[in-house]
4 protein chains.
Amino acid sequence: MSTLARPVRKREVLGARSERRVKEILGVARQVFSENGYENATTLDIARQAGISEATVFSYFTSKRDLCMQVIKGWYDEISLVLEQEVPMVEGTRAQLHFVVHKHLVTLMQDGTGMCKLVLSEGRSADADFAGLIAELKRRYTAPLMKVLAAAQRSGEVRQDMPLPLLRDMVYGSMEHVLWDYMVNRNKPDIATTAGQLTDMLWTAFVPVEQSQQKLAQFREDVAEALRRLEN
Amino acid sequence: MSTLARPVRKREVLGARSERRVKEILGVARQVFSENGYENATTLDIARQAGISEATVFSYFTSKRDLCMQVIKGWYDEISLVLEQEVPMVEGTRAQLHFVVHKHLVTLMQDGTGMCKLVLSEGRSADADFAGLIAELKRRYTAPLMKVLAAAQRSGEVRQDMPLPLLRDMVYGSMEHVLWDYMVNRNKPDIATTAGQLTDMLWTAFVPVEQSQQKLAQFREDVAEALRRLEN
Amino acid sequence: MSTLARPVRKREVLGARSERRVKEILGVARQVFSENGYENATTLDIARQAGISEATVFSYFTSKRDLCMQVIKGWYDEISLVLEQEVPMVEGTRAQLHFVVHKHLVTLMQDGTGMCKLVLSEGRSADADFAGLIAELKRRYTAPLMKVLAAAQRSGEVRQDMPLPLLRDMVYGSMEHVLWDYMVNRNKPDIATTAGQLTDMLWTAFVPVEQSQQKLAQFREDVAEALRRLEN
Amino acid sequence: MSTLARPVRKREVLGARSERRVKEILGVARQVFSENGYENATTLDIARQAGISEATVFSYFTSKRDLCMQVIKGWYDEISLVLEQEVPMVEGTRAQLHFVVHKHLVTLMQDGTGMCKLVLSEGRSADADFAGLIAELKRRYTAPLMKVLAAAQRSGEVRQDMPLPLLRDMVYGSMEHVLWDYMVNRNKPDIATTAGQLTDMLWTAFVPVEQSQQKLAQFREDVAEALRRLEN
DNA sequence: AATGAATGAGCATTCATTCAT
DNA sequence: CATGAATGAATGCTCATTCAT
């Protein structure tokens with residue numbers, strides 16, 4: 001099942017020209033895969049759009065699946081790198097959350113929804129390797145925000161009674177559905193506005209409740225206590 | 001809406017036996033499609049698992065696509081019906097939100113997430129009909145909650161400065177990611193707990209900020225006033 | 001290969017109701033076959049248009065091929081019968097030729113070219129039985145004209161230096177192409193006019209040459225003889 | 001004219017080897033199609049007989065239909081070219097008619113009548129493209145004779161009171177039936193003889209009636225006059 | 001290094017035909 | 001007598017992948 005150790009001779013040592021080729025192919029493949037999805041994209045299509053032969057594609061990548069995985073990995077690496085570098089430059093937890101949300105929406109929206117579809121749809125696949133890799137990439141991609149939220153939880157700036165993964169799911173899940181809506185219904189919302197609104201609500205949800213309902217509860221407790229004393 | 005008018009050999013469902021067959025096939029197909037996705041599922045596989053010939057499958061469904069659409073529709077119809085009936089029986093907006101969240105998680109979790117995958121993956125598809133149908137089904141499925149939230153917005157119980165679709169996206173998006181997590185990492189969370197936490201945060205996010213704070217302030221004011229009078 | 005002696009029980013003894021059924025089916029089948037050709041006609045289509053089930057069709061006819069053969073035979077029988085009865089009622093060889101030509105064109109043209117196509121196209125088929133039957137039917141169909149021409153040849157009214165089959169081929173071949181033209185190009189000529197012109201030319205071709213060129217040749221011979229004598 | 005713009009895997013013929021392959025396949029296909037007719041010929045059969053895989057066939061031809069069309073076109077092109085070149089080399093209208101008739105009979109007879117069957121049978125077909133192409137090819141094929149006849153009509157050498165298409169139909173229709181006879185009954189006539197007889201009759205039918213009779217009368221007159229003078 | 005050429009393995013779909021009821 | 005139901009056997013067509021040159 002695993003695609004290791006085939007007796008096929010594939011290029012391993014990459015010269016400068018080779019490297020350029022690889023990038024060329026990856027570029028085209030990203031486009032083709034994101035436009036058609038994994039199953040409906042064809043290696044021929046990729047080769048033709050890259051101006052090379054199918055055989056050449058297969059001399060740089062062991063299989064269609066391999067190529068697709070590299071495409072996805074490349075995309076994640078790029079965007080992850082950006083987040084890793086830029087998130088720390090933003091000050092304040094809320095601002096960082098906003099930054100991540102905004103960046104995510106902008107990036108996936110401008111990509112024409114292609115990569116979004118690809119990652120979301122093909123992220124599963126019966127193939128375990130595939131799914132595993134994606135999970136790992138996703139972990140790296142969401143790490144910057146996770147770090148921020150974790151720290152905020154430790155400092156008490158964010159609710160501590162909620163599991164961190166749940167917070168993450170709320171952030172990325174919400175955005176994903178927004179994007180999905182855009183993809184399917186083709187009605188592009190104003191990114192800045194949506195990012196603002198989303199951040200607003202998310203932050204409201206994340207902030208410790210003692211600042212609102214919990215405080216109320218506490219106060220209610222105090223009053224109850226006062227009443228008890230009073231009755232006595 | 002778009003089925004061709006060819007002299008199709010498709011049987012109209014008439015007798016009781018037919019109906020059973022259709023359900024049988026739909027059942028198997030749901031399984032196969034949700035396990036492998038549309039593209040990787042084969043009609044032969046479905047036929048074999050149903051213990052019938054491929055031809056028989058095609059005598060009840062005009063095409064693979066048709067079959068898949070009916071599978072998805074059937075699944076949505078089931079769950080939509082439940083929601084439509086039960087949501088109104090729950091009292092209070094927050095409780096209704098909690099009910100929907102809990103139901104959704106339970107249903108998809110116990111379904112092995114297969115249908116979830118299928119719907120999410122095939123929701124796009126190059127085919128317009130397909131995507132259109134799914135969009136419609138989704139609309140019906142989310143309608144009960146949407147009604148609740150809309151009413152709550154009108155009554156001021158829920159923030160009015162946020163677009164309704166965004167609220168919906170937060171609810172369903174968050175849940176989807178939770179399920180995704182489960183699917184990929186196979187770590188099944190406690191559904192009741194997760195549903196509670198999610199509802200908690202969502203509700204916090206939805207409730208008008210001023211309202212909760214105002215309420216708090218008002219309450220504090222009232223109590224303070226009462227205390228003053230009492231002490232006097 | 002031959003379709004004899006299958007253990008299948010087919011209806012043999014036909015009651016009055018059965019006979020009606022057979023005719024009904026044959027009527028519909030003629031339509032369907034002539035509209036779509038043998039290969040593209042389906043037994044389902046025939047059954048549906050006859051308002052019965054496929055199974056019923058197969059209880060009256062052993063196979064699709066059988067049905068088609070009977071259709072063709074029925075058509076030929078009808079038109080042959082007419083010719084056999086009416087041709088002798090026309091007086092004069094030329095008039096009889098004209099009658100046959102006109103009848104043939106009218107019949108095939110009004111039939112919407114369907115049967116024409118069917119007979120002409122499916123007349124061959126890899127099946128020897130099929131082709132054999134058609135040949136026989138054709139023989140009967142062309143017999144009336146053949147008789148007329150044969151008699152005319154014997155009486156010297158028609159050239160005797162041409163094989164009778166060749167005369168027949170000219171008559172039916174010419175007409176067939178005229179019909180073909182109509183079928184493909186959809187430009188319907190005036191039947192009466194075309195029949196007249198065709199008869200005119202055919203008759204001119206059939207009439208003994210001594211009445212024209214042969215007479216001339218004879219005359220030339222005479223003159224040559226005279227010249228010879230003169231030179232002597 | 002009507003080939004789809006899908007990302008077809010069809011090879012463009014480039015090298016010498018490709019060209020050979022194409023011809024190889026076309027050769028086999030001509031055989032298979034003409035033996036079994038379009039519907040009963042299978043791509044697998046063609047591939048096997050060509051000693052290659054089905055996939056290879058489909059890499060040179062977009063579809064079965066495409067392949068068949070090319071076969072027919074190829075055949076027509078060959079024979080059309082010959083006629084276009086050789087007919088003008090023959091002198092005299094009658095001789096040209098004879099040449100075309102003879103050539104046609106020889107060609108189709110030696111071809112085993114397979115192509116004849118194919119063209120006749122598939123000339124219609126529900127497919128408009130197909131029928132259209134064949135009509136065009138037929139037009140080209142019959143053009144040389146048509147030109148000859150048209151000129152002859154203009155010069156008065158051939159009857160002007162008959163539509164040109166009718167003349168054509170008589171020529172090709174007659175021949176077709178002769179071939180049909182051969183095909184079905186397997187009695188091969190002597191081609192030269194048949195060609196002569198057919199030409200004789202056709203020419204008799206085409207030549208203006210008055211002309212031949214007038215010529216005869218004129219000739220008789222002239223000779224009589226000469227004789228009178230001579231005798232005096 | 002690059003590719004033209006070839007293909008094995010599938011897959012959805014069709015349809016004449018059978019048979020239990 | 002009629003048929004609903006079921007199917008075996010084909011068939012056209014696709015595509016990732018290999019390999020000699």
Side-chain angles (χ1 to χ4, degrees), chain A residues 6-9 11 15 17-18 21 39-47 52-67, chain B residues 6-9 11-15 17-18 21 39-47 52-65 67, chain C residues 6-9 11 15 17-18 21 39-47 52-67, chain D residues 6-9 11-15 17-18 21 39-47 52-65 67:
Chain A
R6 216 129 30 104
V8 183
R9 192 186 304 280
R11 243 166 286 269
R17 193 158 68 208
S18 296
R21 260 288 146 82
E39 305 286 355
N40 294 318
T42 72
T43 52
L44 178 66
D45 214 20
I46 293 168
I52 58 179
S53 76
E54 267 184 291
T56 303
V57 173
F58 277 91
S59 80
Y60 286 101
F61 300 90
T62 51
S63 69
K64 184 189 178 187
R65 188 162 290 277
D66 172 35
L67 175 54
Chain B
R6 246 184 308 165
V8 183
R9 226 178 181 73
R11 226 184 299 277
E12 290 98 51
V13 181
L14 302 168
R17 190 152 74 217
S18 298
R21 260 288 145 84
E39 306 282 358
N40 292 319
T42 74
T43 53
L44 180 62
D45 205 21
I46 292 169
I52 57 179
S53 77
E54 257 184 299
T56 301
V57 173
F58 278 94
S59 82
Y60 285 102
F61 301 89
T62 50
S63 67
K64 183 189 178 186
R65 188 161 289 276
L67 175 53
Chain C
R6 216 130 28 104
V8 184
R9 193 186 305 278
R11 240 168 289 269
R17 193 158 69 209
S18 295
R21 260 286 148 86
E39 305 286 356
N40 293 318
T42 73
T43 52
L44 178 67
D45 212 21
I46 292 168
I52 58 180
S53 77
E54 267 184 291
T56 303
V57 172
F58 276 91
S59 80
Y60 286 103
F61 300 89
T62 51
S63 70
K64 184 190 179 188
R65 187 162 291 276
D66 173 35
L67 175 53
Chain D
R6 246 184 309 168
V8 184
R9 225 179 182 73
R11 226 184 297 279
E12 292 99 48
V13 181
L14 301 167
R17 191 152 76 216
S18 298
R21 260 286 144 84
E39 305 283 358
N40 293 319
T42 75
T43 53
L44 180 62
D45 205 21
I46 292 169
I52 57 180
S53 77
E54 252 185 303
T56 301
V57 173
F58 278 95
S59 81
Y60 285 102
F61 300 90
T62 47
S63 68
K64 183 189 178 188
R65 190 162 288 276
L67 176 53

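Here is the naming used below: chain letters follow the sequence lines, and residue numbers restart at 1 for every chain. Here the structure is a predicted model, which is why all the values come from computation and not from measurement.
- The closest side-chain heavy-atom distance from C/N40 to D/E39 is below 4.5 Å.
- Ranked by how close their nearest DNA chain E nucleotide is to the 5' end, B/K64 and C/T43 are led by B/K64.
- Going from atom CG of A/N40 over to atom P of E/dA12 covers 13 Å, rounded to whole Å.
- For the pair A/I46 CD1 and F/dA16 P, the computed distance is 8 Å after rounding to whole Å.
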(message) Give the dot-bracket line for DNA chain F from 5' end to 3' end: parentheses for intra-strand Watson-Crick or G-U pairs under 3.5 Å, square brackets for crossings, | for inter-strand pairing, dots for unpaired.
(response) .||||||||||||||||||||
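- Partners of B/T56 by side-chain contact (heavy atoms from CB on, under 4.5 Å), not counting sequence neighbours, listed by chain and number: B/R21, B/I52, B/S53, B/S59, B/Y60.
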Under-3.5 Å N/O pairs linking protein and nucleotides 8-10 of chain E:
none

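- Distance B/F58 CZ to F/dT11 C1': 14 Å, rounded to the nearest Å.
- When the C1' atom of F/dT14 is taken as reference, atom CG of D/L44 falls 16 Å away, rounded to whole Å.
- Phosphate proximity of E/dA6 to D/S59: absent, as no side-chain N or O sits under 4.0 Å from OP1 or OP2.
- The nearest whole Å value for the distance from the CD atom in B/E39 to the C1' atom in E/dA12 is 12 Å.
- Of all nucleotides listed (F/dT3, E/dT17, E/dA6), E/dA6 comes nearest to the side chain of D/R21.
- When each of A/A41 and D/S63 is assigned the nucleotide of DNA chain F with its nearest heavy atom, D/S63 is the one assigned upstream, toward the 5' end.
- Put simply, CG on C/D45 is 14 Å from C1' on E/dA16, counting in whole angstrom units.
- For B/Y60 and E/dT14, the OH to C1' distance is 17 Å, given to the nearest whole Å.
- Remark: B/E54 engages B/T43 in a side chain to side chain donor-acceptor pair (under 3.5 Å) (not counting sequence neighbours).
- Put simply, CG on B/L67 is 10 Å from P on E/dT13, counting in whole angstrom units.
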